[in-house]
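This one's a predicted model, so the numbers in the text were calculated from it and none came from an experiment.
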Amino acid sequence: MKLNLLPTTVSRQRKAKSAWIISALMIIAGVVGAAFMMITSSDSLAKAKALVEEKKPLADGVAATAASADVIIVDAQGPLRNSNLAKSMIAHNTVYPDLFDTVKRYVPPFYRLTSMAATPSADGATSTITLVGTLDTFQEYNDLALALLRMPKVSAVARAGFAAAAPYRPGLSPADQRGTPHLPGEAPVPDDQLQRLAYFQATAKPSGYLNTGNFGAENTDTRGAMPNSSLVTVRLTIAIDTRTPNPRATLATAAAPAPAAAGAPTTTTSSVTPPPGKSSGAASSSKKSAADDSGDEDVTSGKKGKKASSGG
């Protein structure tokens, strides 16, 4: 059996002494650590200041370069815009010729073209191609629409102006027992040879210079339809944007008056002028036949309607 005969104050004094020693050691360690951190921080701060002083000229150079670049970018806006517009205009120079070349590949040879024009829509989604040319028969009038509908991106074909009368075979009559074909409005062709001779003599047409369609005239004007032909107008709706680039920004930069509308649609007409006396003629977009005032026939929908004076 072990008895602790020492008073409790002895053990408390020993604990208090140990605590003071430990506290002193901790204070000394804290002072040493703080001094070490101060020395290390001062060294790092000095190195950082030296690095800043070393890199400061480079940073100032970068800032100056950036400022000058901003000035150059601002000053270059006008030339860049003009350059982009010039590039767009140069690229647009081939839009109409390429479109006309594509259309001509689908125009049948029996349709003698006198003019070709293209007008873009306001939104640029489609363009209207107007063809003016001559046809001889109603069968060609039908075949022309079928040929043009084969063109890629064409959504509608409207035609108007066919006026040539086609011969038809009438019913039998006392004078004509064989139903000889003749033009509408003419009397039946008699079977009797003497009566037929008198009939053709009465209906004979002059064979000299008729002054029809500007043929035989001593000028280079458009050669229209021949006596037995019709001047037919065809309008195609094709999904191609033919609008010209918008020069509004460039004109505004140059302090010039801006155009009336941005991206205003333009009309381009292609025509071929023949030598005097040749049958293949040219027509400008302003020279249209009176056939244009007749009703347009929409081949794709099978509907007929009176054409507006503005066209399209």
Side-chain angles (χ1 to χ4, degrees), residues 106-115 131-150 157-235 274-283 287-307:
Y106 292 90
V107 175
F110 55 78
Y111 185 53
R112 179 171 61 85
L113 279 174
T114 58
S115 71
L131 307 178
V132 180
T134 61
L135 291 175
D136 296 331
T137 64
F138 189 75
Q139 184 63 48
E140 293 176 351
Y141 187 63
N142 293 330
D143 294 342
L144 175 62
L146 296 176
L148 295 177
L149 282 172
R150 296 174 55 247
V157 176
R159 55 186 182 173
F162 186 80
Y168 76 105
R169 185 176 295 274
L172 301 181
S173 65
D176 181 14
Q177 293 294 317
R178 293 181 295 181
T180 305
H182 59 80
L183 294 176
E186 295 182 354
V189 182
D191 291 335
D192 183 76
Q193 294 182 358
L194 294 178
Q195 293 180 0
R196 178 176 295 187
L197 177 60
Y199 172 85
F200 285 122
Q201 288 176 345
T203 59
K205 297 179 181 179
S207 59
Y209 178 60
L210 302 178
N211 192 22
T212 302
N214 204 29
F215 285 95
E218 295 182 358
N219 53 48
T220 58
D221 294 342
T222 302
R223 288 346 184 215
M226 292 183 287
N228 295 326
S229 302
S230 297
L231 196 63
V232 177
T233 301
V234 181
R235 289 179 176 84
K278 298 296 182 180
S279 60
S280 60
K287 293 185 177 181
K288 303 298 182 180
S289 170
D292 288 351
D293 296 331
S294 61
D296 280 352
E297 180 180 356
D298 192 345
V299 177
T300 56
S301 62
K303 298 179 180 178
K304 296 183 179 179
K306 200 66 177 178
K307 183 172 75 70

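Note that OH of Y199 and CG of D176 are 9.0 Å apart. Values are rounded to the nearest 0.5 Å. The structure places OG1 of T137 at 7.5 Å from CG of L135, a figure rounded to the nearest 0.5 Å.
Partners of D192 according to the side chain to side chain donor-acceptor pair (under 3.5 Å) rule, which considers only residues two or more places apart in sequence or in another chain, do not exist here. Among residues two or more places apart in sequence or in another chain, the side chain to side chain donor-acceptor pair (under 3.5 Å) test is passed with Q139 by D143.
Inter-residue side-chain proximity for D136 and S229 is flagged as met; some heavy-atom pair is nearer than 4.5 Å. At least one side-chain heavy atom of R196 sits less than 4.5 Å from a side-chain heavy atom of T180. Taking 4.5 Å as the limit, every side-chain heavy atom of L131 sits out of range of all side-chain heavy atoms of T233.
Looking at V234, T114, V232 one by one, the single match for side chain to side chain contact (heavy atoms under 4.5 Å, CB included) with V132 turns out to be T114.
In plain terms, the two heavy atoms of R159 and Y141 that are nearest each other are NH1-O, 2.5 Å. Closest heavy-atom contact between P108 and A147: CD-CB, 4.0 Å. When every heavy atom of Y106 is checked against every heavy atom of L148, the shortest pair comes out as O-CD2, 3.8 Å.
Side chain of Y111 to backbone of G133: a donor-acceptor contact under 3.5 angstrom is found.
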